[in-house]
> 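Can you read through this structure? Questions will come right after.
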Number of protein chains: 2
Amino acid sequence: MQDDFNVQMNEFLPLRDVVFNTLRQAILTGELKPGERLMEIHLANKLGVSRTPIREAIRKLELEGLVTMIPRRGAEVAQITEKSMTDVLEVRRALDALCAELACERITEAETEQLHRACEAFEAAVKTRDLKKIARADVQLHDIIVQATGNQRLVQLVNNLSEQMYRYRFEYIKDASQHQRLIEEHRIIYESIVKKDRETASQAARVHIDNQKKAIIAQIRSEKTGH
Amino acid sequence: MQDDFNVQMNEFLPLRDVVFNTLRQAILTGELKPGERLMEIHLANKLGVSRTPIREAIRKLELEGLVTMIPRRGAEVAQITEKSMTDVLEVRRALDALCAELACERITEAETEQLHRACEAFEAAVKTRDLKKIARADVQLHDIIVQATGNQRLVQLVNNLSEQMYRYRFEYIKDASQHQRLIEEHRIIYESIVKKDRETASQAARVHIDNQKKAIIAQIRSEKTGH
DNA sequence: CTGATGTATTTTGTATACAAGGATTGTACT
DNA sequence: AGTACAATCCTTGTATACAAAATACATCAG
């Protein structure tokens with residue numbers, strides 16, 4: 001299987017899952033652009049597989065909302081509109097708040113320790129000024145909280161919603177003047193979870209998303225109007 | 001296409017979607033029981049189609065969480081455990097509260113009118129003592145609120161989560177002594193949405209789910225122990 | 001009688017074949 | 001030159017074929 005996209009070759013994952021991950025990644029990174037048609041034979045040739053795994057992968061992308069089906073015309077990459085992003089962010093805001101509250105109740109000792117380390121890792125990442133590293137540290141920290149809820153369904157939903165914003169993941173950390181505030185926000189979340197202060201934790205989670213929203217919406221608008 | 005399940009024969013829906021809806025319905029109603037294997041050739045014969053649409057339908061069911069894939073062994077109907085239901089209900093509680101809040105801000109005149117009629121229809125349904133009719137009226141009322149949020153992603157997620165509880169849809173309205181309270185709860189939700197009282201509306205939505213949760217958990221426990 | 005091994009069957013995973021609907025392009029006619 | 005119509009090509013939707021893995025079963029040895 002030669003590739004153009006970067007295909008992860010986990011030897012014994014079914015091809016459909018390899019294709020699914022590959023296409024999803026390509027869509028989320030913007031390698032496949034909104035509105036672009038996903039033609040089965042073309043993709044099959046490109047990825048060196050037959051149409052069958054391609055089709056099955058598309059069915060999953062369809063349900064995930066990354067792809068839009070047009071009857072008798074096939075799949076195309078779903079448009080990203082300001083509306084679709086605010087819709088996603090609105091839901092994520094509620095679910096992130098829920099995660100914070102549940103984490104207060106259910107976080108284990110080990111996870112608390114992880115969270116502590118993640119906070120420090122984030123501070124360290126900020127010092128490097130490396131956006132990729134900062135983004136990764138932020139995701140890491142967030143994941144620990146989500147996992148601490150112990151709610152698998154919630155984990156799955158939040159991860160899916162997060163993915164939708166993947167291509168804007170740098171926007172809200174691009175502004176270095178906000179870095180100190182981000183560290184502060186994380187500290188508040190960490191401390192309120194330790195203190196089991198649900199209200200403060202969920203409020204901080206909401207603020208966190210609100211800030212992301214501002215950055216992402218600003219970016220979308222500038223993409224549309226400017227240049 | 002002959003059937004055993006009730007297949008909806010929307011003439012120009014792709015077979016995969018017909019199969020998807022059919023299987024989903026069968027799983028949600030309990031016609032296909034948790035743990036039961038979904039064998040492709042068998043289903044293909046039963047539904048009178050080839051394996052291809054069956055497989056594509058299964059891919060979607062997989063992502064919806066109604067089906068579990070076992071490597072090189074195929075699909076089986078996902079288990080319903082108390083944990084999986086509380087997970088779902090926990091998320092739904094937060095999202096229903098969000099729906100109520102957003103509805104306060106965004107509901108249109110026409111939708112308010114619909115909601116009013118739905119409340120009255122629910123009262124009328126309760127008087128008939130017909131559980132099916134009551135359940136339908138309740139769903140109807142709920143749908144109006146969800147739609148009123150104007151958030152398509154939210155609509156999709158809430159509908160999906162609701163589906164997971166489909167087979168318990170009668171449990172929380174079985175107890176006739178609670179009917180009056182249900183009417184009262186609906187009235188509170190309706191009035192607080194009209195008054196744009198977010199706090200009361202979301203609180204009422206949460207109470208509503210909490211009651212469903214009690215009924216459903218009680219049912220699951222009785223299925224497991226006594227039955 | 002029990003356990004292990006080899007064979008047969010079943011079932012998935014993948015590829016390909018075939019049919020039907022849409023889109024596109026070219027041509028003829030106004 | 002522009003529009004309408006027809007032929008062709010392309011793409012999807014569906015069915016089937018083939019291979020490999022897993023399971024079940026039966027036979028044989030201890």
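Throughout, protein chains are lettered first and strands after them, A, B, ... in sequence-line order, and every chain is numbered starting at 1.
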> Is it the case that the side chain of A:N21 and the backbone of A:D17 share a donor-acceptor pair, with hydrogens and angles ignored and the cut-off at 3.5 Å?
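Yes, because the side chain of A:N21 sits within donor-acceptor range (under 3.5 Å) of the backbone of A:D17.
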> Is it true that atom NZ of A:K83 has more than 12 heavy atoms of other residues, nucleotides or ligands lying nearer than 6.0 Å?
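Yes, enclosed.
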> Got a second to check how far A:I220's CD1 is from A:E82's CD, nearest 0.5 Å?
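CD of A:E82 is found 6.0 Å from CD1 of A:I220.
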> Salt-bridge test for B:R59 and B:E56: reply yes if a basic N is under 4.0 Å from a carboxylate O, no otherwise.
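No salt bridge links B:R59 with B:E56.
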> Of all nucleotides in DNA chain C with an atom under 4.0 Å from a non-hydrogen atom of chain B, which is the first and which the last going 5' to 3'?
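Range of nucleotides within reach of chain B: C:dT11 to C:dT14.
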> Measure the shortest side-chain to side-chain distance between A:E113 and A:R117 over non-hydrogen atoms and say whether it is less than 4.5 angstrom.
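A side-chain contact exists here, since the closest heavy-atom pair is under 4.5 Å.
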> List the steps, then state whether side chain to side chain donor-acceptor pair (under 3.5 Å) holds for B:Q164 with A:R153.
CA-CA 11 Å; B:Q164 315 273 329; A:R153 176 76 52 165; 3.3 Å; yes
> Quick test of your reading of the model: are B:K33 and B:E223 salt-bridged, counting only N-O distances below 4.0 Å?
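Here B:K33 does not pair with B:E223 in a salt bridge, since their nearest N and O are not under 4.0 Å apart.
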> Could you list all N or O pairs between the protein and nucleotides 5-12 of chain D that sit under 3.5 Å apart?
residue: D:dT12; atom: OP2; partner: A:E40; partner atom: N; Å: 3.3

